[in-house]
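A short worksheet on the structure shown next.
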Protein chains: 2
Amino acid sequence: MNRPTRRPGGRSADVRRRVLDAVVAQLVDHGYDALSIDTVAAGCGVHRTTVYRRWRDVGGLLADVLAEAAADDWRPPDTGTLDGDLAALNREVFAALTGDPPITTALIAASFRSTRAAEALRAFWADRYDRCAVIVARAAGRSEIPAGTDARRLLVAATAPLYHELVLLRAGPDAGLADRTAADTAVAARAGAFAATVVSPDEHHGDDRR
Amino acid sequence: MNRPTRRPGGRSADVRRRVLDAVVAQLVDHGYDALSIDTVAAGCGVHRTTVYRRWRDVGGLLADVLAEAAADDWRPPDTGTLDGDLAALNREVFAALTGDPPITTALIAASFRSTRAAEALRAFWADRYDRCAVIVARAAGRSEIPAGTDARRLLVAATAPLYHELVLLRAGPDAGLADRTAADTAVAARAGAFAATVVSPDEHHGDDRR
DNA sequence: ACTCTAACGCAACATGTGTAGCGTTAGAGG
DNA sequence: CCTCTAACGCTACACATGTTGCGTTAGAGT
């Protein structure tokens, strides 16, 4: 993600730590609107030009923060039922999207200004959805849903309404939203929705970007 | 939406027309990134200061454009079946989100920079979803789906995956996406998802924010 | 036709954002 | 310990963005 540091020793690493910490601190304390290269640099004693050179813009900073956040050991919830798993997952998404300070929303906003932030966020979500595929596999293993159910399609159906309502439609946070959407999706899956169209036994996620 | 013009006559109206036309022209010709107060003003012979005073920022300009666009006579498709209506609707959404120039995406991006654009977009979508409620009503009238199906919830379920995949996840435009999502949603609705829950006013699960 | 003033045009200013040149410093490699 | 240079700090600049004060103009009201 970040430019390969040819000299990763003490100083450069220290600068990176201080800058990224300052980004999060700034985000938490003063919100996204107050986030700029200058405020971050001033907030951690690193010079403006250094930050500009290494991260280029605010999107670059958030992309780096996101790249760090993506390398965690998060695993999807395992409650024993599809309904339970989706509901628990959706509650996490809901919490992230309505949390204060709105870090997730800030990252989404940044992704519209910086292609680097956009790519980092895309990669982050791709990884998360891949990890969540086991939820669908487990449900199929328990014969809750038909075999051959398209995991990604089901997971997007379960989570997309949350993003849509909270981020794009900007509806007020409705406490039941996460659970309702999860339940609707589970009903759909049991009724045979999200059936993978037969292409070939070994599915490859061919992702052509325009 | 826009500030009430105390003097709506010839000159002010003419300025507004020229500015809004220039916004669309700029958007079509050079894309969203090239859209700024200065380029718009220069592109239509109106002075910078005038545009700044009346619209404040780019978000204000797009909000005004959007307010005009919302006052049209658009009606949701009527194909005779729920599947057909949702598929036709989703194809429209798909076309809007993948269209070039990416006007819709530009408006969404602007909504993260300007509260006025955000509010205009929210109002626009609220109106569109209201108009689409007849799709659900017709389906219920034909007994395709249970009476008491929550129209908005169904419509969001049908369209949200498109916005999620194309706008947030930035997946490549998949030709079958619109139809598949519409079909999945129709299956869900027939299976009894989106049932409006009769909820007592004081039933809220404490939303857990971390 | 006359008046009054909202809205406009203009110049000058203030600030925010990003870049370029150049000397300095610290850490990687011997 | 010594050298070499990537990365840093600093100054100065270039440009974009947004504001202020003031004179001018056109159209709404009578």
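This is a predicted model, so every value here is computed, not measured. Just so it is clear: chains get the letters A, B, ... in the order the sequence lines come, proteins before strands, and each one is counted from 1.
In this view, A/Asp83 and A/Arg190 satisfy the side-chain hydrogen bond (donor to acceptor under 3.5 Å, both in side chains) rule, not counting sequence neighbours. Qualifying side-chain hydrogen bond (donor to acceptor under 3.5 Å, both in side chains) partners for B/Arg18, counting only residues two or more places apart in sequence or in other chains: none. Residues meeting the side-chain hydrogen bond (donor to acceptor under 3.5 Å, both in side chains) test with A/Gln26, sequence neighbours left out: none. Annotation: ring-ring contact (aromatic ring centres under 6.0 Å, His included) contacts of A/Phe194 (sequence neighbours excluded): none. Looking at residues two or more places apart in sequence or on another chain, you find a side-chain hydrogen bond (donor to acceptor under 3.5 Å, both in side chains) between B/Thr39 and B/Ser36.
For the helix from C/dA1-D/dT30 to C/dG30-D/dC1, the axis fitted to the five pairs at one end and the axis fitted to the five pairs at the other end meet at an angle of 40° (nearest 10 degrees).
For C/dA7, neither phosphate oxygen OP1 nor OP2 lies less than 4.0 angstrom from any side-chain nitrogen or oxygen of B/Thr50.
Separating the CZ atom of A/Arg54 from the P atom of C/dG18 is a distance of 18 Å, rounded to the nearest angstrom. Note: CH2 (A/Trp55) to C1' (D/dA7) measures 11 Å, nearest angstrom. For the pair B/His47 NE2 and C/dA7 C1', the computed distance is 14 Å after rounding to whole Å. Nucleotide C/dC8 holds its P atom 10 Å from the CZ atom of B/Arg18, rounded to whole Å. Across the protein-nucleic acid pair, B/Asp14 atom CG and C/dA6 atom C1' stand 16 Å apart, rounded to whole Å.
At a threshold of 4.0 Å, the pair B/Asp64-B/Arg54 does not count as salt-bridged, since none of the basic side-chain nitrogens sits closer than that to a carboxylate oxygen.
Legend: ring pair (Phe, Tyr, Trp, His ring centres under 6.0 Å) pairs involving residues 82-124 of chain B, not counting sequence neighbours, sorted by first then second residue: A/Phe112-B/Phe112. Legend: salt bridge (charged side-chain N to carboxylate O under 4.0 Å, His left out) pairs involving residues 25-39 of chain B, not counting sequence neighbours, sorted by first then second residue: B/Asp38-B/Arg48.
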remark   = Reading nucleotides 14-20 of chain D from 5' to 3' and marking B where a protein heavy atom lies under 4.0 Å of the base, S where only the sugar-phosphate is that close, and - otherwise, the string is ---BBBB

